[in-house]
Amino acid sequence: MRLLLVTIMLLVILGGELKAQDKIIDCTNLTECNIIAGETVKCQFAFDGRVKNFTCSPADLQILEKNTGNSSPKEVTIQFGDPGFYPVEFRFERNGNKVFKYNVTFKVGLPNSVIAAEIAHSDCTGESGAIDLSIDNINSNIEIESFSWTGPNGYSKEGSEDIINLKSGLYTVTVKYDYAGYFTSSINKTFEVKQLNDLEVNILDTEGTACSGDLLYLSTETKGGIDDKTYSWIITEGADTNTIIGASTSFEVPMDFTGNKKVRLKVQSGVCVKESKPINVNIHKKIKTNTITHKKEKKE
């Protein structure tokens, strides 16, 4: 088996500096250890006395520094650059020719950074999102076994690498894999599908005039969305707001409306909602006219 990049650093007990990303593991009685490629691991070995000789096998493991301290535990910091199955023997020869040997098999798994995706966000239909998944930079020893998805509102999908017809929300994939028959493991990653509002709503007129009780016609423009749209008009004056259901270019002005109003067109298309900028509309009170009929008297 080809041994991939391994960096081993033997730290002086009193002088070694623990990095924030180091994972500390007591390897004294450990036989197997699961870690992630690229993860820095500090192995500790509990025994006292100065070490006069330290070796590590396989022989091509790089030793950067010997531990010559007297205190317990002794420490060896390891970082495996690639996934794999690594049986390692740590051999400490203490003064007095006493030898301490520790055999630990490192099962180095995939980092979740190998999971990538192209995301298509949902439009006004509300269920048009998609995630096109890819697993990058893995070697031939790794066999992907399964995909499992979870998402909002109880969403779940088994066996599919890619998923479609998605609402907005967070979707998590769990990828199970096998490394050359030596071990199985899994990684997961979360992706967000967003809700895009692709509506554009405008009132083209700069102002309007109408009488109460009449239809007010305005030139409007609606772009995007889906065919099924509803239109409502929002009329405000100061703190007062009224909403009237109407058509895309008109609505009936209530009889009790008069004065200067701010008018906006609100359009809902599927799950998308958009409002236009307001314009000023002057509403006049409609004057009722009385018609008088004169009956001509017939002369005899």
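FYI, side chains are in, hydrogens and waters are out, and symmetry mates aren't considered; it's all heavy atoms of this structure.
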Heavy-atom count check: over 12 atoms from other residues, nucleotides or ligands less than 6.0 Å from [X] [atom1]?
{"X": "Ile164", "atom1": "CD1", "value": "no"}
{"X": "Lys107", "atom1": "NZ", "value": "yes"}
{"X": "Glu118", "atom1": "CD", "value": "no"}
{"X": "Lys229", "atom1": "NZ", "value": "yes"}
{"X": "Asn29", "atom1": "CG", "value": "no"}
{"X": "Tyr217", "atom1": "OH", "value": "no"}
{"X": "Asp256", "atom1": "CG", "value": "yes"}

Kindly work out whether a path of hydrophobic side-chain contacts (I/L/V/M/F/W/Y, heavy atoms less than 4.5 Å apart) joins Ile36 to Leu30. no

Among Tyr86, Phe80, Phe183, which residue meets the ring-ring contact (aromatic ring centres under 6.0 Å, His included) test with Phe106? Phe80

Quick check: does any side chain N or O of [X] sit under 3.5 Å from a backbone N or O of [Y], one acting as donor and the other as acceptor?
{"X": "Arg91", "Y": "Asn53", "value": "no"}
{"X": "Lys189", "Y": "Ile115", "value": "yes"}
{"X": "Asn112", "Y": "Ile187", "value": "no"}
{"X": "Ser269", "Y": "Ile226", "value": "yes"}
{"X": "Lys262", "Y": "Pro278", "value": "no"}
{"X": "Tyr171", "Y": "Leu166", "value": "no"}
{"X": "Asn197", "Y": "Val273", "value": "yes"}
{"X": "Thr28", "Y": "Ala46", "value": "yes"}

Pick from Leu133, Asn188, Asp162: which one makes a side chain to side chain contact (heavy atoms under 4.5 Å, CB included) with Val173?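 Option passing the side chain to side chain contact (heavy atoms under 4.5 Å, CB included) with Val173: Leu133.
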
In terms of side-chain heavy atoms, does [X] have a donor or acceptor partner in [Y] at a distance below 3.5 Å?
{"X": "Lys261", "Y": "Asn280", "result": "no"}
{"X": "Asp123", "Y": "Ser128", "result": "yes"}
{"X": "Lys52", "Y": "Asn97", "result": "yes"}
{"X": "Gln268", "Y": "Thr230", "result": "no"}

Do Phe100 and Phe45 have their ring centres less than 6.0 Å from each other? no

Cys33/Cys27 sulfur gamma separation below 2.5 Å: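 The sulfur gammas are not closer than 2.5 Å, so no.
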
Atom CD1 of Ile235 and atom CD1 of Ile283: how far apart are they, to the nearest 0.5 Å? 7.0 Å

Exercise answer: donor-acceptor pairs, residues 145-155 side-chain atoms, under 3.5 Å, sequence neighbours excluded:
{"unit_1": "Ser148", "atom_1": "OG", "unit_2": "Glu158", "atom_2": "OE1", "d": "3.3"}
{"unit_1": "Ser148", "atom_1": "OG", "unit_2": "Glu158", "atom_2": "OE2", "d": "2.9"}
{"unit_1": "Trp149", "atom_1": "NE1", "unit_2": "Ser160", "atom_2": "O", "d": "2.8"}

